[in-house]
**Q** 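I'd like to ask some things about the structure below.
Side-chain atoms are counted along with the backbone in the values below, which use heavy atoms only and exclude waters and symmetry mates. In listed order, ligands and their atoms are each counted from 1.
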Amino acid sequence: MKNIVLFGPPGAGKGTQAEFLKEKYQLVHISTGDVFRYNIKNNTELGTLAKSYMDKGHLVPDEVTINMLKAEVEKNAKANGFIFDGFPRTEAQAEALSKLMEEKDSQINAMVALEVDDEVLVGRLLERGKVSGRADDANEEVIRERIAEYYRKTDILKGYYQKQDKYFGVNGVGSIEEITERLSKVIDKL
Ligand code: AMP
């Protein structure tokens, strides 16, 4: 069983790459952002709460996010392994994930991080905003706030996984195929 955290700032390409990797390695892909957006679309209570944070470019509170993530993992009890995309984003989330994996006699095998310069990220997200229909991609101020939030709360997780010798950085600039290849080289060795 391989459990991978696909990491990187907003716009790094996590969602795009997860789509390829889940097929290649037969893993269940869980994107917390996608689950929140699904809930917003379906007007659930969780969706309404999440939207109030997402529209500002802020993180949804840990307790809510962790409970939601646990439920998604439980829904896929027979999975061969997971690709976590957009989770964990805080130290509390990383701790909760580690506990959850332990309870399943499993573990996170690696954090694979897509490394992309901030200005490239802003450009990519503005482009995506033209077609994605995502409110948080449509406004440069919100995009910059999401990147700021990443540096405030999420970037420190590199150290969290480095301490466990589980951090692998990959250049996130290039063609989709090139980047899938770089990620696969890391995953194949796990
Ligand atoms: P994403 O689709 O990963 O870019 O996430 C979009 C938005 O959903 C983020 O800006 C946050 O507001 C929220 N979100 C997604 N994942 C998390 C998480 N793990 N913790 C807190 N908020 C999250």
**Q** What about Val28 and Ile4, same hydrophobic cluster or not, with Ile/Leu/Val/Met/Phe/Trp/Tyr joined at side-chain heavy-atom distances under 4.5 Å?
**A** no

**Q** Any chain of hydrophobic side-chain contacts (each under 4.5 Å) joining Val170 to Ile187?
**A** yes

**Q** For ligand 1, which atoms sit closer than 4.0 Å to a heavy atom of Gly86?
**A** 16 (N), 17 (C), 18 (C), 19 (N)

**Q** For ligand 1, is there an N or O atom under 3.5 Å from any N or O atom of Phe87?
**A** no

**Q** Do you see a donor-acceptor pair shorter than 3.5 Å between the side chains of Tyr150 and Asp118?
**A** no

**Q** Considering only the protein, which heavy-atom contact is closest to atom 13 (C) of ligand 1, and what is its distance?
**A** Met54 CG, 3.7 Å

**Q** Can you confirm, on distance only, whether ligand 1 has an N/O atom lying under 3.5 Å from any N/O atom belonging to Asp136?
**A** no

**Q** Write out the residue and atom name of the closest protein heavy atom to atom 22 (N) of ligand 1, then the distance separating them to 0.1 Å.
**A** Val60 N, 3.0 Å

**Q** Among all protein heavy atoms, pick out the one at the shortest distance from atom 12 (O) of ligand 1; state its residue, atom name and that distance to 0.1 Å.
**A** His58 O, 2.6 Å

**Q** Provide, to 0.1 Å, the distance between atom 23 (C) of ligand 1 and the closest protein heavy atom, together with that atom's residue and name.
**A** Phe36 CE1, 3.7 Å

**Q** Can you name the atoms of ligand 1, numbered from 1 with element, that are less than 4.0 Å from a heavy atom of Gly33?
**A** 2 (O), 5 (O), 15 (C), 16 (N)

**Q** Looking only at the side chains, is there a donor atom on one of Asn171 and Glu115 sitting less than 3.5 Å from an acceptor on the other?
**A** no

**Q** Find all atoms of ligand 1 within a distance of less than 4.0 Å from any non-hydrogen atom belonging to Thr65, and give their numbers and elements.
**A** 18 (C), 19 (N), 20 (N), 21 (C)

**Q** Does an N or O anywhere in Asp85 fall below 3.5 Å from an N or O of ligand 1?
**A** no

**Q** Is the closest heavy-atom distance from Arg134 to ligand 1 below 4.0 Å?
**A** yes

**Q** For ligand 1, indicate whether the residue Gln93 contacts it via side chain, backbone, both or neither (heavy-atom separation under 4.0 Å).
**A** side chain

**Q** Enter the distance from Asp85:CG to Glu19:CD here, rounded to the nearest 0.5 Å.
**A** 8.5 Å

**Q** Is there a side-chain contact between Leu100 and Glu74, using heavy atoms and a 4.5 Å cut-off?
**A** yes

**Q** Report yes if Leu59 has an N/O atom closer than 3.5 Å to an N/O atom of ligand 1; otherwise report no.
**A** no

**Q** Only one of Thr65, Thr32, Thr90 forms a side chain to side chain contact (heavy atoms under 4.5 Å, CB included) with Leu59, so which one is it?
**A** Thr90

**Q** Name the closest protein heavy atom to atom 16 (N) of ligand 1, giving the residue it belongs to and the distance to 0.1 Å.
**A** Thr32 OG1, 2.7 Å

**Q** In terms of residue, atom name and distance, what is the protein heavy atom nearest to atom 15 (C) of ligand 1?
**A** Arg89 NH1, 3.3 Å

**Q** Hydrophobic clustering (ILVMFWY, side-chain heavy atoms < 4.5 Å, transitive) - are Leu49 and Leu69 grouped together?
**A** no

**Q** Please say which of Glu141, Arg146, Glu145 ends up in a side chain to side chain contact (heavy atoms under 4.5 Å, CB included) with Ile143.
**A** Arg146

**Q** Please work out whether the ring planes of Phe84 and Phe87 are parallel, tilted or perpendicular, with thresholds of 30° and 60°.
**A** tilted

**Q** Is the closest heavy atom of Arg37 to ligand 1 under 4.0 Å?
**A** yes

